[in-house]
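If you read the sequence from its start, that first residue is 1, and numbering goes on from there. This is a predicted model, so every value here is computed, not measured.
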Amino acid sequence: MGQTETHADTFVAPPTGPQPPTTPPKYAPPANPPSDNAPPGRVPPAGGTRRLLWHLGEMAIAMIAGMLLLGPVWDTAGALLGITGALGRPEVAALVMATNMTIGMSVWMRHRAHGWDAVGEMAAAMYVPFLLLFAPMWAGLLDADAMLLGGHLLMVPAMLLVALRHRHTTPVAVRRHPAVVALARRWPTGLALLMTVDMWVDPDLLSPWTMLVLPGAYLLIGVARRTLRGPGVLATQLLGLAGWVGLALVAVAAGGRTAGWLVAFGWLAHAGWDLVHHRTGRVVPRAFSEWCGVLDAAIAATMIFALLSVGG
């Protein structure tokens, strides 16, 4: 009788006949599997020129998003704290800009499962170019505009060096809190709210002509996505365009506070338009209709607040 090997949970008897040659599995499991809540398939294999260029393109978009979203936050904080003048100094403005870009870039890199070492080096690529040009600016060799332009130009090769250094790095397992996952799924709402932060601090009335953007965006996106071909879809969009054009013309003719109320109503009505399209999924992506709906409602609310704050 053959000898039996005892394992933790089973008994295995070794075969007695000749064994076929073993072949490696076609797809081997990753060395560092992602965590349970890390989205599968989000990070393609590292390496390759196309992957490198795609990564740099994503980084550039994330950096621009950080500047656009966080710029109004700094302006609002400066006005509330009385430090607008200090924030306007060239050195401070450069570091604030680098901070905005770093935040946007860091969030996206962690979402893409990059390690903290790569994030830290890429953050250095945001700050170091500006820091290197402070001394020439203080010595009078550069003005403020040249310092800002030179910092952005030097940032490109610095980012490229960091990307090349980590292009073969294995993606890390990123553990995301359930609350973070829930917020990430509602990113269009968060984006819209960030874009209207300064409007709540300093509410104002928009021109009646701004209402033409509301139906126009749906028509342009529908043409680009070829989603206006369904029965009644184009007619509905053209009817909406006619409605908001008519409302804009009435507001221009009325003028004054009446125009303000009509414009606020027009933006609020378009939030309802967005809600309907979000539920049906027609014409525009749901992410766009969610973002647009929250943005429209917030802008309408700030205009109503501006109208009520002055009375009448």
Which pair of non-hydrogen atoms, one from [X] and one from [Y], has the smallest distance, and what is that distance?
X	Y	value
Leu219	Gln237	CD2-CB, 3.5 Å
Leu56	Ala163	CD2-CB, 3.8 Å
Ala125	Val162	CB-CG2, 4.4 Å
Ala264	Ala300	O-CB, 3.5 Å

Parallel, tilted or perpendicular: which one describes the rings of Phe134 and Trp138, with boundaries at 30° and 60°? tilted
Heavy-atom check, side chain of Thr227 versus side chain of Val233, under 4.5 Å: no
Less than 4.5 Å apart, side chain to side chain, heavy atoms only: is that true for Glu290 and Arg186? yes
Evaluate whether atom CZ of Arg89 has more than 12 neighbouring non-hydrogen atoms of other residues, nucleotides or ligands under 6.0 angstrom away. no
Would you say Leu214 ends up clustered with Leu247 if hydrophobic residues are merged whenever their side chains have heavy atoms under 4.5 Å apart, either directly or through other cluster members? yes
Cluster check Leu154, Phe130: I/L/V/M/F/W/Y, side chain < 4.5 angstrom: yes
Quick one: side-chain contact (heavy atoms from CB on, under 4.5 Å) partners of Ile64, sequence neighbours excluded? Met67, Leu68
Which of Thr84, Thr99, Asn100 passes side chain to side chain donor-acceptor pair (under 3.5 Å) with Trp74? It is Asn100
Paired with Thr102, the side chain to side chain contact (heavy atoms under 4.5 Å, CB included) test is passed by just one of Met97, Met126, Met63, namely Met126
